[in-house]
Structures are given as structure tokens and as C-alpha cells.
**Student:** 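What follows is a structure written as C-alpha cells; I'll ask about it next.
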Amino acid sequence: MGNEIDDTAVDTVDGLQVRAVSVDEVEEWNRALNFGFLRPHAGIAPGLRRRQWEPGRMQAGFDGDRQIATFRSFDVELTVPGGALVRADALTNVTVSATHRRRGLLSAMMRRDLESAAQRGCAVAVLMAAEYNIYGRFGFGPATQGCGWTVDLSRTRGLREGLPGVPGGRVDFVTLAEQRELGAPLYDRWRLTQPGAIARDDIWWERTTRVIEVPGDDFKEPFVAVHRNADGEVTGLVVYRIDNKWDGAVPDSTLTVEELIALDLPTAVELWRLVLSVDWVRRVVVEGVAPDDPLPLLLQDPRAATPDKGNADAMWLRLLDVEAAFGARSYGAAGRVVLEVEDHLGYASGRFAIEVAEDGTGRCVRTTDDADLALDACRLGSLYLGAETVPRLAAAGLLTELRPGAAVAADLLLRTPLRAWTPTEF
């Protein structure tokens, strides 16, 4: 893959050096990563890191020969509204040692990576932000929302009557090896239907199912079940764990759903029925589902489901090629809106017209026409997948309406039938 960061290029920042690491430096890079993530006690996984290494994609900050900052990126497919895929530069493993903060290391590593990503033709860059106030200055905005629920089984008697099921279908527990074998193709089918979903590579599945063991991971083998329809086709998967607790002679266990993937509502109903009917369980915690998942409405008493800690921003996104990115997605209504975008890094700067046809397809082109809305690259990233609405940003003073009524009109145009969600951490 061409146009990677030059392995030999070295940037000097405040007396420190930033450069790509060689494959022989990966072990030390892993130690620096652990230290930056406040886990100096964690062991290293040199085999895993060598597999993740790509020329120019693993960076480090150096103080002499010592690595004191880390940064890694990889290309991934991102599903956008309408089901199209765009190429995204995924940023991860970003750390700076506490002894070397505020010296420009992150900015230098970020600049190098985004320049390379733009040259490779990535339309967007994405990341998971550990802290809210860091990445906005690089043009990233919250682009997907997580959602979690706690279901009190004493308040609900399970699912509503009359929900659609799967005649002739069945649910079976499977091994971790079967989870990897059956789950990977299932997920690849499902992710094409979910805006904000990203592809999972072999390393992700091997790590999740313990083919690859990473020191410091607190792993306990979960329950894994798959749903098959009457033809034997796998249409869903659920992964959960149970803490087996008792209050004296009374069972008081919590079942935690780590993942539930279903290709259709009947499959989801069958999997939720399993989850909500396990003996000894008094509450079900759902760590991550789409923000518009209908789970509460499937219960006999929707009030039994209360919001959990999963309700927070998840993936952040910044535009690298505005025309390509907005030209790839679909839209909610026909129309035209002109955006004036400010981006101090330059990738998204300018005035852009988004023009949408009656069938929901659109194109994005540069224009000199008067702008309807003014915003910065960070807010544009929040609007791209539909995580935010134009009127809400305008009400918060994060976007300026230059033409009366433009915020409402743009909101109709950018509306998506499904809210963006990213179930895969990276």
C-alpha cells in the first residue's frame, strides 16, 4: 500500500524526536504503550504487536533512545448511511508519558498520520477518545453514540406476547472456536446494515476468542450462543457472562450481555428471550447496543429497562476528503445546503454544496455560492454519520445559521433512518 509515512523521516519537537518505529523496536514500543496507559505492570505481547506493525503506521516519540509516546493507525472499512463503505484511517494506542506532556508530541504524530492518510485516499479518520477535550482541536467530533441498559427482571415478565419469532429456528451454545468461525461472516453481513460499524480483522477475532492471549487482559470465558433459521443459516449471535451470586439462599446473579448481533427482528427476539430467561439471574446488563435499539419496547414493562453507563459518545470522526465522504452516503430528503467549514489543518476547509436527489443519493462539490451554515471540522464530523442534529448544534452555539430556516432544512436532508453506532472498540 503506497504513500505510507516515510520510515526514515524524523521530526524534532522541543528537543524530542518523532518517527516511525521499526519492527525490531516493537517490543519497546509495547512497553511504552503500557506505561502511557498506566499499566506498567502489564506484560508485553510482541507476537501480536509484530502482526499489527505496518511500515510507517507505528510511531513513537523518543527522548534519546527511550520511547516516551506511542501512536498506531490502520486502514479500515466504515459503513456510512445508505450502506456504502468508505476507507477510514483508524487511530489507536495513542499515549504520551506524563513526564513529556505539553511538548507537542501528540500534535507531531497526528500531523504525520493524517498527512499519510489523506495521501492514501482515506475519506475520514476515526478514533475512540479516552478524554473528551483532546481531539476536537485536531478536527475530530463525536460521531457515534453508545447505549446500555439494565433490565430488572423482577419488574418485567420477559418479552411482550405476540412478537415475531423464527419458525423452525434454534439457538445453540458454541465454543470460542465456533464463535470465531461463525461470528466473523455473520458480523461482516450485519455491519453493512449499520452506519458507523467498522470491519473486524482476523486479529480482532483471534484476540476475542483467546487464540491470542495478551498479558493484562482480564479474560473469563463467556457463554456464546448462535441462532440458526430453519435452513441452518446463522442469523444471530449473543455473548454474555454471569456473576454467580447469592443473597443467602436467594439467587442474585447479574447477566451481562457483551454483544448481540441479529440480522432481523425475529432473530433478535429469540436471542433476547434466551438472555431474559436464564435461571438465578435477577438483572440483565446490556453493555452495548445501538442507541435506537428497540429492546425496552420489546419488554412487557419497558420501565424495567433503565439507562446504563453505555450512554456516551463512542467513535470520533474527522473529514479528510469532504467531497468523497459526503458523496458516498445517502440522505433523508431531496434538497441542497451549502456549508462553510473552518479547519485549521486544512483538510476540510472551504465552502461545500451538498445536493441530494429525490432517491436520496447525493453529491458534494466545492462552490462559491453563499453559505447556509457555518461550522468547524469537529462539528462536521459529528454530523457526517447522523450522530448529531443541525438544530441541536445551532442551539448550543456550535454551528451558525446564516440563512433563516437553513438548520431545519439541513437536518431533514442529513437525517438517517438508523442512528450511527460502533460496536467494535479499537
Side-chain angles (χ1 to χ4, degrees), residues 78-86 88 123-126 136 139-147 192-198 290-292 313-343 347-367 369-422:
L78 169 71
T79 305
V80 302
L85 301 174
V86 301
V124 301
V126 294
F140 288 85
T144 69
Q145 186 82 10
C147 183
L192 301 180
T193 69
Q194 178 59 59
I198 63 171
D292 48 9
D313 59 273
M315 187 178 74
W316 290 46
L317 182 147
R318 83 104 65 219
L319 278 297
L320 295 173
D321 186 333
V322 176
E323 293 164 280
F326 278 91
R329 57 156 289 179
S330 65
Y331 296 87
R336 185 175 189 269
V337 63
V338 177
L339 307 177
E340 180 78 47
V341 184
E342 178 183 359
D343 180 3
Y347 298 104
S349 290
R351 193 171 296 174
F352 302 90
I354 300 174
E355 302 168 343
V356 182
E358 291 292 340
D359 63 358
T361 59
R363 69 172 190 147
C364 179
V365 295
R366 289 188 178 271
T367 183
D369 293 350
D370 291 341
D372 300 311
L373 303 167
L375 69 168
D376 63 16
C378 174
R379 314 310 163 192
L380 188 67
S382 291
L383 289 174
Y384 177 58
L385 295 176
E388 269 294 356
T389 68
V390 178
R392 187 167 184 261
L393 291 179
L398 298 173
L399 175 153
T400 302
E401 185 179 59
L402 302 176
R403 175 178 61 81
V408 172
D411 187 52
L412 293 173
L413 185 147
L414 293 168
R415 182 171 298 174
T416 59
L418 289 177
R419 294 184 62 187
W421 179 48
T422 307

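By convention here, the first residue in the shown sequence is residue 1.
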**Student:** What heavy-atom pair brings A328 and A84 nearest, and what distance separates the two atoms?
**Tutor:** O-CB, 3.4 Å
**Student:** Work out which heavy atom in S382 is nearest to a heavy atom in G141; give both atom names and the distance.
**Tutor:** OG-C, 3.5 Å
**Student:** Decide yes or no for L375 and L383: does some side-chain heavy atom of the first lie under 4.5 Å from some side-chain heavy atom of the second?
**Tutor:** yes
**Student:** If we only count heavy atoms from C-beta on, is the R329 to Y331 side-chain gap below 4.5 Å?
**Tutor:** yes
**Student:** Is any NZ, NE, NH1 or NH2 atom of the basic residue among D370 and R403 found under 4.0 Å from an Asp or Glu carboxylate oxygen of the other?
**Tutor:** no
**Student:** Give, for atom CG of L385 and atom CG of L78, the distance between the pair rounded to the nearest 0.5 Å.
**Tutor:** 5.5 Å
**Student:** Does the side chain of L399 come within less than 4.5 Å of E388's, by heavy atoms?
**Tutor:** no
**Student:** Does R379 reach the main-chain N or O of A374 with its side chain, forming a donor-acceptor pair under 3.5 Å?
**Tutor:** no
**Student:** Ignoring hydrogens and angles, tell me if any N or O in the side chain of R419 forms a donor-acceptor pair with the backbone of A290 under 3.5 Å.
**Tutor:** no
**Student:** Please round to the nearest 0.5 Å and tell me the distance separating atom CD of E342 and atom OG of S349.
**Tutor:** 7.5 Å
**Student:** Roughly how far apart are T144 OG1 and D313 CG, rounded to 0.5 Å?
**Tutor:** 8.0 Å
**Student:** Starting from the C-alpha separation in whole Å, work towards a yes-or-no answer on side-chain contact (heavy atoms from CB on, under 4.5 Å) for R318 and D343.
**Tutor:** CA-CA 10 Å; R318 83 104 65 219; D343 180 3; 2.9 Å; yes
**Student:** Closer than 3.5 angstrom, by distance alone: can the side chain of D372 be matched with the main-chain N or O of V338 as a donor-acceptor pair?
**Tutor:** yes
**Student:** Above 12 or not: heavy atoms from other molecules or residues under 6.0 Å from CD of E340?
**Tutor:** yes
**Student:** Do L373 and E401 have side chains that approach each other closer than 4.5 Å (heavy atoms only, starting at C-beta)?
**Tutor:** yes
**Student:** Taking side chain as C-beta onward, heavy atoms only, is L414 less than 4.5 Å from V390?
**Tutor:** yes
**Student:** Provide the closest heavy-atom pair for V86 versus A123 in the form atom of the first, atom of the second, distance.
**Tutor:** CB-CB, 4.4 Å
**Student:** Quick check: does any side chain N or O of T422 sit under 3.5 Å from a backbone N or O of G196, one acting as donor and the other as acceptor?
**Tutor:** yes
**Student:** Output, in order, the C-alpha distance, side-chain angles, deciding distance and verdict of side-chain contact (heavy atoms from CB on, under 4.5 Å) for F352 and R366.
**Tutor:** CA-CA 4 Å; F352 302 90; R366 289 188 178 271; 3.6 Å; yes
**Student:** Heavy atoms, side chains only, cut-off 4.5 Å: are F326 and V80 in contact?
**Tutor:** no
**Student:** Could you give the distance from OG1 (T367) to CZ (R336), rounded to the nearest 0.5 Å?
**Tutor:** 5.0 Å
**Student:** Can you confirm whether I354 sits close enough to L413 that some side-chain heavy atom of one is under 4.5 Å from a side-chain heavy atom of the other?
**Tutor:** yes
**Student:** When you measure from the side chain of T416 to the backbone N and O of L418, does any donor-acceptor pair fall under 3.5 Å?
**Tutor:** yes
**Student:** Using only atom types and a distance under 3.5 Å, with no angle test, would you say the side chain of Y384 pairs donor to acceptor with the backbone of L317?
**Tutor:** no
**Student:** Calculate, to the nearest 0.5 Å, the distance between atoms CE and CD1 belonging to M315 and I198 respectively.
**Tutor:** 7.0 Å
**Student:** Going by heavy atoms in the side chains, are T79 and T193 under 4.5 Å from each other?
**Tutor:** no
**Student:** Search all heavy atoms of A387 against all heavy atoms of A143 and return the closest pair with its distance.
**Tutor:** CB-O, 3.0 Å
**Student:** Show your reasoning for whether side-chain contact (heavy atoms from CB on, under 4.5 Å) applies to L320 and V124.
**Tutor:** CA-CA 5 Å; L320 295 173; V124 301; 5.8 Å; no
**Student:** Taking all non-hydrogen atoms of both residues into account, name the closest pair between V341 and D376 and its distance.
**Tutor:** CG1-C, 4.1 Å
**Student:** Mind listing the closest non-hydrogen atom pair of C147 and P291 along with its distance?
**Tutor:** CB-CA, 3.6 Å
**Student:** Does any N or O in the side chain of S330 come within less than 3.5 Å of the main-chain N or O of G360, such that one atom is a donor and the other an acceptor?
**Tutor:** no
